[in-house]
Number of protein chains: 2
Amino acid sequence: MVQYISHRLDASFAALSDPTRRGVLEQLGRADASISDLADRFHMTLTGMKKHVSLLEAAGLVTTEKVGRVRICRLGRGMLETEAAWIDQQRRIWTERFDALDAIVQELKQGNPT
Amino acid sequence: MVQYISHRLDASFAALSDPTRRGVLEQLGRADASISDLADRFHMTLTGMKKHVSLLEAAGLVTTEKVGRVRICRLGRGMLETEAAWIDQQRRIWTERFDALDAIVQELKQGNPT
DNA sequence: TATATACTGAACCATTAAGTTCAGTATTAG
DNA sequence: CTAATACTGAACTTAATGGTTCAGTATATA
């Protein structure tokens, strides 16, 4: 399971590391869109955008549905849940360690005044 | 400024997309470490680990200090703040849109019973 | 039916990434 | 002083990314 999560984080953080793909997520937060819509908005070929969307889909951040000749893209449910959880955990650990260090510094100040 | 943040998110999400580098962050959450320590722990050459650490440092996630011949690596202050903020914002937008959609569905159910 | 639209897939190109080895410099220990 | 340690930098290999073009299929419109 840990392996599974790690692999998922690989994919989603890699997906988020590209400004176009973050832009697509932001756009899909405003409204669903077709591949053509997105390609237009980000000044890219259809094929290029298709690859970005496929990648986002593989990372579980976006879902798509083909309706007629159009593929509709939406944000995925539970989007960024795992990613937020990992980041929060790291920040929690860091804060704890920092607070502990701070406490030691305070203690030294008390016990060892200039 | 938006440009600046975007560039920073590029770098940090790319940094987070590698399991070794996420491992390094987790490890540094437990204790500071030298490059050699980390290279050992992750079964990699010194040179290889150095590159990962440099990348993490460039992304602002880690700071280092050279003491004698050893380079000590620690978590950076304010680590993952910007990244957590971006993710939280996206999740907030998504939740709002989802709730709004849900409300519409409810309304349709009320006004248009089977 | 003929044409335009929307996507899909294969192939290609340039750049970056992850890792290595090897040769060096600086610092510490004996 | 000598030897071992810890890092640094350059060069190289292999693979992945981000983008393209071109040729195709499927669907909608005139």
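As the structure is a computational prediction, the values presented were derived from the model and not from experiment. Side chains included, hydrogens not; waters and symmetry mates left out as well; all remaining heavy atoms used. The sequence lines fix the lettering, A, B, ..., with proteins before strands; numbering per chain opens at 1.
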d([atom1], [X]; [atom2], [N]) in whole Å:
X	N	atom1	atom2	value
Ile35(B)	dA26(C)	CD1	P	18 Å
Leu38(A)	dA6(C)	CG	C1'	13 Å
Asp37(A)	dT5(C)	CG	P	15 Å
Leu16(A)	dT17(D)	CG	P	14 Å
Asp10(B)	dG18(D)	CG	C1'	13 Å
Lys50(A)	dT8(C)	NZ	P	4 Å

Considering only NZ, NE, NH1 and NH2 on the basic side and carboxylate oxygens on the acidic side, decide whether Arg21(B) and Asp10(A) come within less than 4.0 Å. no
Under 4.0 Å between a Lys/Arg side-chain N and an Asp/Glu carboxylate O for Arg71(B) and Asp37(B)? no
Return yes when atom CZ of Arg92(B) has more than 12 non-hydrogen atoms of other residues, nucleotides or ligands closer than 6.0 Å, and no otherwise. yes
Check whether any side-chain N or O of Lys66(A) sits under 4.0 Å from OP1 or OP2 of dA6(C), and answer yes or no. no
dT8(D) OP1/OP2 closer than 4.0 Å to side-chain N/O of Arg71(B): yes
How would nucleotides 16-25 of chain C be written as a contact map, 5' to 3', with B for base contact, S for sugar-phosphate-only contact and - for no contact, using protein heavy atoms under 4.0 Å? --SBBBB---
Are the side chains of Trp86(A) and Gln90(A) in contact, using a 4.5 Å heavy-atom criterion? yes
Test item: Glu65(B) and Arg74(B) side chains (from C-beta on) under 4.5 Å apart, heavy atoms: yes
Is it true that Ser6(A) and Arg22(B) share a donor-acceptor pair across their side chains at a distance under 3.5 Å? yes
